[in-house]
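Read through the structure below, which is laid out as structure tokens, and then see the notes.
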Amino acid sequence: MITLNKLPVYILKRYLLLLAGLAIMAFGVAFSIKADLGTSPISSVPYVASLFTPLTVGTATIVMHCVFILLQILILRKNYHPIQLMQLPVAFFFGYLTDFGVWAVQGIICHTYWQEWIICVIGIVLVAVGVSLEVKAGVVVLAGEGVVLAICKVLPKIKFGYMKVGFDVTLVVIACVLSIVFTGKLQGVREGTVAAALLVGTIAKQLGKLLAKWKLEDI
């Protein structure tokens, strides 16, 4: 049980855990981009946007998350809780960290297809670890997940899992269309995107079971 005098420290631990999760997730995105086998669904649109606009992947991510926050407000209206605006600083932190991650891994060179897959798998695992830490922190969700939760709130008959899949598929389709229209070829969406869609959630779920045994108040 958490006593009142320990509450500020407990809250601080949760936010630090969130920041750690976001940092790991950002590097996961950077590794996925470096592998050049397709990014994860949530990063596909920002990556493609960075190919034909002056925006970096991180800046495009921030813009996309701001759009997601606006969508949540439009969907929920009076039921939108202002605390969810915490997603905004989280978006900026995650976006800037993504750009830093892309810069940090630029020295990695892949000469063969199997080497690209190694980097891709590292990216997938890092994203999954980041997601599991974000969930464990329980402070605020990323704006993309916030949109899915908002839709599920107004359409309670649709399960979160199904809506999340539909949301990810929609992002991938948008990324494909943008890529073909503005670059003339398909970029950012490949076999690595499919692998990420299939594996990130599964790995994060298993890690979540392990983290469930870990109590923040005991640290």
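We count residues from 1, following the sequence as given.
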Heavy-atom closest pair, residues Cys110 and Gln115: C-OE1, 3.6 Å

Thr98 to Gly58 - nearest heavy-atom pair and separation: CB-CA, 4.3 Å

Stepwise side-chain contact (heavy atoms from CB on, under 4.5 Å) check, Val177 with Phe182: CA-CA 8 Å; Val177 173; Phe182 290 100; over 6 Å; no

Single-linkage hydrophobic cluster, 4.5 Å side-chain cutoff, Val141 and Leu70 together: no

Candidate pair Phe94 and Ile62, rule side-chain contact (heavy atoms from CB on, under 4.5 Å), full reasoning: CA-CA 8 Å; Phe94 182 64; Ile62 293 171; over 6 Å; no

Distance-minimising heavy-atom pair for Gly188 and Ser44: O-CB, 4.5 Å

Nearest heavy-atom neighbours spanning Arg14 and Ala137: NE-O, 2.9 Å

Show the atom names and distances, to 0.1 Å, of all donor-acceptor pairs under 3.5 Å that link a side chain in residues 17-34 to residues at least two apart or in another chain.
from	atom 1	to	atom 2	distance (Å)
Ser32	OG	Gly28	O	3.0
Lys34	NZ	Gln106	O	3.0
Lys34	NZ	Ile108	O	3.0

Any side-chain heavy-atom pair of Leu88 and Cys66 under 4.5 Å: yes

More than 12 heavy atoms of other groups within 6.0 Å of Tyr80 OH: yes

hydrophobic_cluster_shared for Val67 and Leu74, side chain cutoff 4.5 Å: no

Pairing residues for Tyr15 by the ring pair (Phe, Tyr, Trp, His ring centres under 6.0 Å) criterion, not counting sequence neighbours: none

Over 12 foreign heavy atoms within 6.0 Å of OH, Tyr162: no

Within one Ile-Leu-Val-Met-Phe-Trp-Tyr cluster: Val90 and Leu97, side-chain cutoff 4.5 Å: yes

Plane angle bin for Tyr113 and Trp117 - parallel if under 30°, tilted between 30 and 60°, otherwise perpendicular: perpendicular

side-chain hydrogen bond (donor to acceptor under 3.5 Å, both in side chains) partners of residues 49-60, not counting sequence neighbours, each pair once: Thr56-Thr59, Thr56-Asp99

Residue pair Thr193 / Pro41: nearest heavy atoms and the distance that separates them: O-CD, 4.1 Å

Output field: ring centroids Phe167/Phe68 closer than 6.0 Å: yes

Verify same cluster id: Phe92, Leu55 (apolar side-chain graph, 4.5 Å): no

Met163-Leu71 co-clustered via ILVMFWY side chain contacts under 4.5 Å: yes

Minimum heavy-atom distance between Gln87 and Ile69, given as atom pair plus value: OE1-CG1, 3.5 Å

Verdict with reasoning, Ile158 to Ile151, per side-chain contact (heavy atoms from CB on, under 4.5 Å): CA-CA 9 Å; Ile158 302 178; Ile151 296 173; 5.5 Å; no

Test side-chain contact (heavy atoms from CB on, under 4.5 Å) applied to Ser43 and Thr61, step by step: CA-CA 7 Å; Ser43 301; Thr61 298; 5.8 Å; no

Sidechain-backbone polar pair: Ser132 side chain, Leu207 backbone, donor-acceptor under 3.5 Å: no

